[in-house]
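Okay, structure first, notes after.
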Amino acid sequence: MQHRFLALAMLASADAAVISTYTTVITSSVLPPYFQSTPEVFQGPTPTGSEPFLAQTNPVTFSGATTTTFFPASPLQTQEPIQDQPAGDNIFTQMGNIGPYRSSPGFGVDEYPLPNGSEIVWMNMLARHGSRYPTDPNPLGSLIPGSGATFSGQLSWLNNWTYVLGTNILTPLGRQELYDSGVLHNYQYGHLFNPNSTTKLVLRTTTEDRMRKSAQNFAAGFWGLGYDEYAQIEYIIDETGFNSTLSPTNLCVNNNNYRTSAGQNVSTEWIGNYTQNAVKRLNSMSSGFTWNASTVYSAQQLCPYETVALGYSEWCDLFEWQEWEDFEYSIDLDFAGTYGFQSPTSRAVGVGYVEEVLARLNHHLITNATAEVNVTLDSMNSTFPTNQNLYFDFTHEVDLFSTLTAFSFRQFAPLLSATSYQANRELIVSHMVPFGCRLNIELIQAPAPVPTNRSGGWSGYESGEPTTYIHFVLNQRTLPLGQSIPACGDRADGWCELSTWMQAQADALTLADYDYACNGNYSPPAWGAITNGVPPSS
Ligand SMILES: *[C@@H]1O[C@H](CO)[C@@H](O)[C@H](O)[C@H]1NC(C)=O
Ligand SMILES: *[C@@H]1O[C@H](CO)[C@@H](O)[C@H](O)[C@H]1NC(C)=O
Ligand SMILES: *[C@@H]1O[C@H](CO)[C@@H](O)[C@H](O)[C@H]1NC(C)=O
Ligand SMILES: *[C@@H]1O[C@H](CO)[C@@H](O)[C@H](O)[C@H]1NC(C)=O
Ligand SMILES: *[C@@H]1O[C@H](CO)[C@@H](O)[C@H](O)[C@H]1NC(C)=O
Ligand SMILES: *[C@@H]1O[C@H](CO)[C@@H](O)[C@H](O)[C@H]1NC(C)=O
Ligand SMILES: *[C@@H]1O[C@H](CO)[C@@H](O)[C@H](O)[C@H]1NC(C)=O
Ligand SMILES: *[C@@H]1O[C@H](CO)[C@@H](O)[C@H](O)[C@H]1NC(C)=O
Ligand SMILES: *[C@@H]1O[C@H](CO)[C@@H](O)[C@H](O)[C@H]1NC(C)=O
Ligand SMILES: *[C@@H]1O[C@H](CO)[C@@H](O)[C@H](O)[C@H]1NC(C)=O
Ligand SMILES: *[C@@H]1O[C@H](CO)[C@@H](O)[C@H](O)[C@H]1NC(C)=O
């Protein structure tokens with residue numbers, strides 16, 4: 001197969017620009033399919049939505065009488081009058097996996113500067129794609145317009161509302177989130193990239209359109225638009241039945257059936273309860289349309305989806321602050337049960353990536369069948385290099401969440417109450433896997449042991465040998481290792497001595513019990529029956 005490319009080369013000189021046009025023929029022997037950005041294959045659905053017009057649709061007034069502070073769109077207009085919203089807070093902090101990127105407020109430890117003499121020598125990033133359209137069209141798009149219903153009061157605008165969102169692909173904000181992340185990563189880790197290297201840095205993503213474009217936007221942020229000179233993006237097939245650690249739910253059968261439904265079931269019951277007031281409220285402003293829990297939940301989901309697509313959504317301020325907290329909680333219950341420690345398949349889904357990180361740390365290829373790994377790709381240096389000191393991978397949030405489970409971040413394991421809102425909890429999906437989220441794993445070489453207690457300030461290294469530490473950072477905040485892996489110790493900085501951590505991961509693959517978890521014939525565990533991300537009898 002041959003593809004024709006038209007290339008434009010611009011040669012600038014002091015007083016004139018010369019443009020020369022030529023065509024080249026690139027054959028597939030030059031670039032294997034997994035390194036080709038075009039034409040797209042296994043890209044998934046790509047219908048786009050209406051172009052936004054926020055300058056015209058933005059209803060926010062700047063009047064001293066109504067708002068004390070004016071918040072310009074940046075680029076979204078997230079300033080909404082929400083009943084009972086605490087001062088300084090914002091509903092976009094309560095949107096689980098479908099909220100725009102923001103850094104995490106933290107996971108229980110403070111951040112410390114690198115001590116003088118220590119060096120970051122290696123970094124592995126696993127990032128989610130940016131803000132996207134819904135993966136399935138929102139049902140209200142077909143239920144409301146043309147239904148003959150009429151809406152009044154706070155719902156009047158709904159008389160003229162139509163559904164204009166696309167499906168699956170990145171929104172403009174989604175592109176920005178990944179571009180910004182690329183810029184941030186250049187500031188954070190650019191020094192680890194060697195521009196003189198004779199080989200390009202391999203970045204891995206999946207074939208889905210939003211995954212491709214997330215990696216490309218990230219690369220543009222990191223290197224600039226000429227990133228092709230330094231980076232080779234690898235597109236791993238993202239389709240049911242194919243092996244990929246960047247889209248592992250595609251192969252794990254039980255992750256997609258009733259054996260992993262306890263979290264969804266308690267979430268659905270939770271939604272049925274907390275939406276009761278909103279159902280009444282919206283029904284009082286509607287005639288010819290009767291709201292119920294599921295349509296009210298769809299309405300609530302439209303707030304973040306329309307906002308990231310169009311810049312502003314009328315759906316947002318229909319809900320009160322507590323209803324947004326309950327919305328987040330509905331997603332937290334679902335993720336705990338489907339991709340977290342209450343799921344029988346979460347370790348299995350996440351462990352393939354854990355094995356890849358271990359292989360990179362040990363500088364070896366993967367040649368034996370290993371949960372979800374595509375051994376064809378991971379047994380070649382060109383597609384699974386293990387000599388880089390900088391790795392950039394792109395994935396989906398559910399896979400990143402499962403990977404955190406497989407890494408044994410047990411601080412997210414405690415069972416959430418299915419019947420009462422638990423304000424005091426570690427597992428908050430919007431802190432972990434919002435759009436554009438990213439997990440950074442750093443290796444730090446210290447000339448001597450770093451004291452475990454650093455809260456009183458830096459008082460020098462302890463006496464001892466040079467020591468290498470591993471440091472996990474999720475959305476720009478440290479994920480403390482000692483809280484989950486006791487052998488790492490109660491370190492103020494959340495680091496763990498590398499060999500201690502490696503030892504703790506040694507049984508990750510066995511523990512995940514991939515074949516039984518994903519293909520086994522076990523009865524669906526009830527909510528709370530699973531506490532370690534694996535089926536009960538395994
Ligand atoms: C950092 O360590 C070096 C070598 O030990 C020393 O010369 C230097 O003064 C230190 N710098 C600071 C800011 O402490
Ligand atoms: C809806 O659109 C119609 C026709 O464009 C217009 O007359 C009406 O004022 C609009 N209603 C609302 C509530 O915006
Ligand atoms: C790259 O090569 C240039 C020119 O030889 C050299 O000055 C520079 O230090 C090299 N950079 C790295 C990171 O090796
Ligand atoms: C592994 O990846 C290669 C290259 O994309 C692909 O041809 C092959 O079908 C994949 N294998 C599996 C089992 O998914
Ligand atoms: C979840 O609910 C569905 C439908 O009611 C049911 O078939 C399934 O067994 C339930 N799952 C669990 C784990 O109870
Ligand atoms: C909720 O309302 C919608 C729209 O009327 C309807 O299609 C759906 O079946 C209802 N769901 C339930 C559970 O009653
Ligand atoms: C791969 O499988 C072979 C044969 O079962 C085994 O001898 C070898 O130790 C395995 N390699 C790794 C890295 O697990
Ligand atoms: C795909 O993954 C399955 C499950 O781990 C494994 O049995 C199979 O060998 C893998 N295939 C490839 C080509 O990696
Ligand atoms: C991969 O690269 C390493 C280091 O250069 C080399 O030892 C090994 O033979 C290569 N493996 C393959 C399968 O090409
Ligand atoms: C929902 O409300 C019912 C009746 O008040 C209660 O029995 C049930 O425990 C509640 N469920 C949840 C998930 O809050
Ligand atoms: C750490 O050091 C601080 C300040 O010196 C002290 O207050 C605190 O008790 C110490 N914490 C532990 C766990 O030793």
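Indexing begins at 1, ligand by ligand and atom by atom, following the structure's order. Side chains included, hydrogens not; waters and symmetry mates left out as well; all remaining heavy atoms used.
Note on R204 versus E356: salt bridge recorded, some NZ/NE/NH1/NH2 to OD/OE distance being below 4.0 Å. Contact check on E355 versus R360 returns no salt bridge, with no Lys/Arg side-chain nitrogen under 4.0 Å from an Asp/Glu carboxylate oxygen. Looking at R491 and E497, no side-chain N of the basic residue comes within less than 4.0 Å of a carboxylate O on the acidic one, giving no salt bridge.
For E119, the CD atom is loosely surrounded, since the number of other residues' heavy atoms within 6.0 Å does not exceed 12.
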Can you give me a line-by-line list of nitrogen or oxygen pairs between ligand 1 and the protein shorter than 3.5 Å?
{"residue": "ligand 1", "atom": "2 (O)", "partner": "N116", "partner atom": "ND2", "Å": "2.4"}
{"residue": "ligand 1", "atom": "11 (N)", "partner": "N116", "partner atom": "ND2", "Å": "2.7"}
{"residue": "ligand 1", "atom": "14 (O)", "partner": "N116", "partner atom": "ND2", "Å": "3.0"}

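With a 4.0 Å cut-off on non-hydrogen atoms, N387 does not touch ligand 9 at all. Proximity of T419 to ligand 10, defined as any heavy-atom pair under 4.0 Å, is shared by backbone and side chain alike.
In this structure, L365 is part of the shell of residues with a heavy atom less than 4.0 angstrom from ligand 9.
Remark: N256 pairs with T249 by the side-chain contact (heavy atoms from CB on, under 4.5 Å) rule, at least two apart or across chains. Residues satisfying the side-chain contact (heavy atoms from CB on, under 4.5 Å) test with A359, not counting sequence neighbours, are H364, I366, F384. Residues satisfying the side chain to side chain donor-acceptor pair (under 3.5 Å) test with S330, not counting sequence neighbours, are Y297.
Polar contact with ligand 9: present for N381 (N/O pair, distance under 3.5 Å). For the pair E269 and ligand 10, the shortest N or O to N or O distance falls below 3.5 Å.
The aromatic ring centres of F193 and W223 sit less than 6.0 Å apart.
Of all the atoms in ligand 10, the ones that sit under 4.0 Å from a non-hydrogen atom of A418 are 12 (C), 13 (C).
Checked by atom type, the side-chain pair N255/T345 shows a donor-acceptor distance below 3.5 Å.
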